Amino acid sequence: MSWDLICLKAHEHRQEGDETYACLYKNLSRIEKENINALQYNVRVVPLPLVAGNGDNKQLVTMEEALFKVIVDLNESKVMFDIGGADAALPSLLRGGGLGCLAISELIIWAKKHYSEFGVVSGYISPALLNYPNSETISVHCLKKLGFTVARSHKGGLQFMADRVGQLNSHVNNNKVESATPGLWFSNLMQDNLNVARQMKMQSEEISNLKEELYQTANQKHSAAPWISGLLMGVVAGSALASVLFSL
């Protein structure tokens, strides 16, 4: 197994504008079934927690994994790219950011290296996965860049195909994604944590100041009560004295 750390840059398709990160885990396995001689190469996308929100509403968001895979039928000399099933659904916050195209590129690079002359079984992307802004346009553009022929399916969604693996290309949009190092991710995470800590400190200070103001207001009201009582008693006593004087 091998893995890469990927940085997704801020872009207009993600609701939250900050950079975020994901790990791509790659591994090869053999499919163990009767009368089947096949291999499966997986690219598992594991998003790292994202600090989302603005101002006082920032919070740490965890996201589900996604699994892209290519299955090689050694008996039929065919390759199937499984990139449109439920397992391959990226979290909605990451869709349209170039990560899916990168994961498919990893599958193509491996398949071309080992099975360039094999044919390609047509694949399908469900319309349920095309639910972000300009999703169909972005998906078609990505698939064509990768060398697939793309058409709308009669079931809805997209159908993609190719004659053989060798005609496919890898494609990465470096304006959206780039390789990163654990040190860079850790540094950015620490900066996010520091920003959140500063916000919490500011909120704590504001609450303390508010409590102090309320306490002072309560004390002022408490200290004013005897003075008001004394004033009232003085007024009453003065009235009584005046009535006595006038009666003489």
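Since we're looking at a predicted model, the values are computed, not measured. Numbers here simply count residues along the sequence, with the first being 1.
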Going by heavy atoms in the side chains, are L168 and L146 under 4.5 Å from each other?
-> no
Please round to the nearest 0.5 Å and tell me the distance separating atom SG of C142 and atom CD1 of I104.
-> 5.0 Å
Measure the CG-NZ distance between D87 and K69 for me, rounded to the nearest 0.5 Å.
-> 5.0 Å
ring-ring contact (aromatic ring centres under 6.0 Å, His included) partners for F118, two or more places apart | Y115
List in chain and number order the residues that pass ring-ring contact (aromatic ring centres under 6.0 Å, His included) with F148, two or more places apart in sequence or in another chain; answer none if no residue qualifies.
-> F81, F160
Does I125 reach the side chain of L143, with side-chain heavy atoms less than 4.5 Å apart?
-> yes
Residue list, side chain to side chain contact (heavy atoms under 4.5 Å, CB included) with I31, at least two apart or on another chain | K33, I36, A38, Q40, I71
Ignoring hydrogens and angles, tell me if any N or O in the side chain of K9 forms a donor-acceptor pair with the backbone of N174 under 3.5 Å.
-> yes
Please, which pairs that meet salt bridge (charged side-chain N to carboxylate O under 4.0 Å, His left out) have at least one residue in residues 148-165, sequence neighbours excluded?
-> E117-R164, E136-R152
Distance col, row C101:SG vs F68:CZ, nearest 0.5 angstrom, shows 10.0 Å
N37 meets the side chain to side chain contact (heavy atoms under 4.5 Å, CB included) criterion, sequence neighbours left out, with R30, L74, N75
Set of ring-ring contact (aromatic ring centres under 6.0 Å, His included) partners for H141, sequence neighbours left out = none
One should read off an interatomic distance between L8 CG and L93 CG, to the nearest 0.5 angstrom, of 11.0 Å
Does one side chain, of N27 or R44, offer a donor that lies under 3.5 Å from an acceptor on the other?
-> no
Residue pair K26 / D4, side-chain heavy-atom distance below 4.5 Å | yes
Heavy atoms, side chains only, cut-off 4.5 Å: are I138 and L130 in contact?
-> no
Closest heavy-atom contact between A162 and G147?
-> CB-O, 4.5 Å
Is any side-chain heavy atom of T20 closer than 4.5 Å to a side-chain heavy atom of L48?
-> no
